[in-house]
Peer 1: 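One structure, pasted below without further comment.
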Amino acid sequence: MATETESAHAALHARHRAVLPDWLATYYARPIELTHGEGRHVWDAEGRRYLDFFGGILTTMTAHALPEVTAAVTEQAGRILHTSTLYLSRQAVELAEHIARLSGIPDARVFFTTSGTEANDTALLLATTYRGSNQILALRNSYHGRSFSAIGITGNSAWSPTSLSPLQTLYVHGGVRTRGPYAHLSDAEFTAACVADLEEMLGQASGTVAALIAEPIQGVGGFTSGPDGLLAAFKRVLDRHGILWITDEVQTGWGRTGEHFWGWQAHGQAGPPDILTFAKGVGNGLSMGGVVARAEVMNCLGANSISTFGGSPITTAGALANLGYLIDHDLQGNARRVGGMLRSRLESIAAGLDIVREVRGRGLMLGVELVEPGTDTPSATAASLVLEAAREQGVLIGKGGRAGNALRIAPPLSLTVAEAEEGAEALAAALKHAQSTMEGTAV
């Protein structure tokens with residue numbers, strides 16, 4: 001007989017399915033309700049504790065219930081929650097000044113939004129207006145959000161529900177290093193081949209191209225990326241044509257990769273991007289995103305515009321506290337050190353498993369690509385098995401990739417060595433369980 005807690009959970013799930021869209025995905029055969037968190041841990045409605053290795057899709061950047069953020073939000077909530085951009089906001093100005101300095105973009109202007117989708121939507125508006133063109137270059141396997149225009153530049157068919165778009169999108173190679181026609185090449189040869197592909201695409205374009213938008217590490221795509229310097233090589237071509245470079249830092253920003261504060265800095269040999277978009281981690285769970293662009297580009301819009309909720313007093317107060325904590329505690333350095341150790345542990349675990357094709361990523365943005373045992377065939381089944389088994393081991397992870405076969409590991413950047421070891425042990429058990437299950441099924 002079901003317990004009272006189990007019955008309540010089943011009832012909530014039934015209500016969810018009755019009133020929310022069928023396409024609104026949830027994890028796990030038996031979805032869980034998370035009720036509270038602290039540090040790198042969260043608890044479900046049944047009282048079970050989990051080590052959070054996904055951070056609400058890379059959004060809980062520093063820690064759950066970080067006291068500094070909680071205090072800032074509480075204090076601001078006691079004064080005023082909302083004003084809009086029609087009025088001056090001290091917190092918004094201070095946060096914009098801080099982000100403009102950190103961005104690396106000269107003469108930067110900052111516009112706040114409520115999400116990464118909205119940030120990318122705004123970047124597309126700026127680029128197409130500035131260049132007088134609706135042609136956009138994007139990488140294959142890309143994902144840039146859920147809005148109509150963002151879906152129009154998504155190169156990952158699993159997340160593109162419509163072929164209709166206000167944009168003409170031209171897709172180029174470069175997002176996936178170890179699959180596709182250039183996988184066998186050296187890094188230098190791979191970069192040259194991708195640049196040749198870009199040149200060829202521009203030769204076929206009809207009229208002016210507005211911008212190239214690219215994630216330095218593709219998030220939903222399974223934490224894939226091209227070699228360091230690839231986007232710099234692209235920028236040299238773009239500059240000859242006056243085409244803008246938009247770097248989508250929604251998942252790679254704020255030091256998550258460890259080696260750099262922004263993902264674009266691994267490709268900075270030809271200079272900074274023209275436009276940078278951000279979201280997720282800066283608010284640590286608050287609804288916060290934004291666009292940074294050089295003034296000439298940001299100020300190109302001729303019509304009036306405001307943002308009702310973007311850069312609200314409460315989200316900017318929380319983001320200021322969160323960003324201050326991240327920098328004061330060198331969480332970028334922690335991501336580099338602990339992330340490097342975690343990757344080494346995962347590589348060691350993977351060496352003895354036939355379902356793991358590749359461990360990739362950097363810092364605390366790590367991916368594990370899974371395949372049918374002993375083959376090169378992507379396996380979404382393996383990823384689902386590991387996801388469920390990891391939960392049973394007390395660790396929450398994500399998944400992605402074009403075939404849904406990549407594990408996504410992205411804990412808060414304050415992750416400790418002990419917690420990384422704990423998570424690695426749990427993932428080792430989950431991966432071994434998945435392999436044995438699949439081998440048993442194949443017999």
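In this chain, numbering begins with 1 at the start of the sequence shown.
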Peer 1: Going by an N to O cut-off under 4.0 Å, is there a salt bridge joining R240 and E199?
Peer 2: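 A salt bridge is present here (some side-chain N lies under 4.0 Å from a carboxylate O).
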Peer 1: Taking only residues two or more places apart in sequence or in another chain, which ones pass side chain to side chain contact (heavy atoms under 4.5 Å, CB included) with S147?
Peer 2: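 Partners of S147 under the side chain to side chain contact (heavy atoms under 4.5 Å, CB included) test: T117, D121, S149, A150.
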Peer 1: Is any NZ, NE, NH1 or NH2 atom of the basic residue among R49 and D44 found under 4.0 Å from an Asp or Glu carboxylate oxygen of the other?
Peer 2: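 No salt bridge links R49 with D44.
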Peer 1: Looking at residues at least two apart in the chain, or sitting in another chain, which of them share a side chain to side chain contact (heavy atoms under 4.5 Å, CB included) with I314?
Peer 2: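 For I314, the residues satisfying side chain to side chain contact (heavy atoms under 4.5 Å, CB included) (neighbours in sequence not counted) are V73, Q76, A77, L81, S312.
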Peer 1: For H98, give me all partners under ring-ring contact (aromatic ring centres under 6.0 Å, His included), at least two apart in sequence or on another chain.
Peer 2: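 H98: no ring-ring contact (aromatic ring centres under 6.0 Å, His included) contacts found.
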Peer 1: Sequence neighbours excluded, which residues qualify as side chain to side chain contact (heavy atoms under 4.5 Å, CB included) partners of F309?
Peer 2: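 Side chain to side chain contact (heavy atoms under 4.5 Å, CB included) check on F309 returns H82, T114.
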Peer 1: Under the side chain to side chain contact (heavy atoms under 4.5 Å, CB included) test, which residues partner P31, sequence neighbours left out?
Peer 2: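 Per chain and number, P31 pairs via side chain to side chain contact (heavy atoms under 4.5 Å, CB included) with H13, T26.
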Peer 1: Does N322 reach the main-chain N or O of V69 with its side chain, forming a donor-acceptor pair under 3.5 Å?
Peer 2: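 Not at all, since once roles are kept as given, no pair shorter than 3.5 Å links the two residues.
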Peer 1: With sequence neighbours excluded, tell me which residues meet ring-ring contact (aromatic ring centres under 6.0 Å, His included) with Y182.
Peer 2: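 Here the qualifying residues are H173.
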Peer 1: Tell me whether E46 is salt-bridged to R48, with the criterion being a basic N under 4.0 Å from an acidic carboxylate O.
Peer 2: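 R48 and E46: not salt-bridged.
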Peer 1: Does any non-hydrogen side-chain atom of V220 lie less than 4.5 Å from one of Q251?
Peer 2: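 Sidechains of V220 and Q251: in contact.
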Peer 1: For D228 and R362: C-alpha separation, side-chain torsions, deciding distance, then whether salt bridge (charged side-chain N to carboxylate O under 4.0 Å, His left out) applies.
Peer 2: CA-CA 12 Å; D228 286 358; R362 55 180 57 179; 3.1 Å; yes
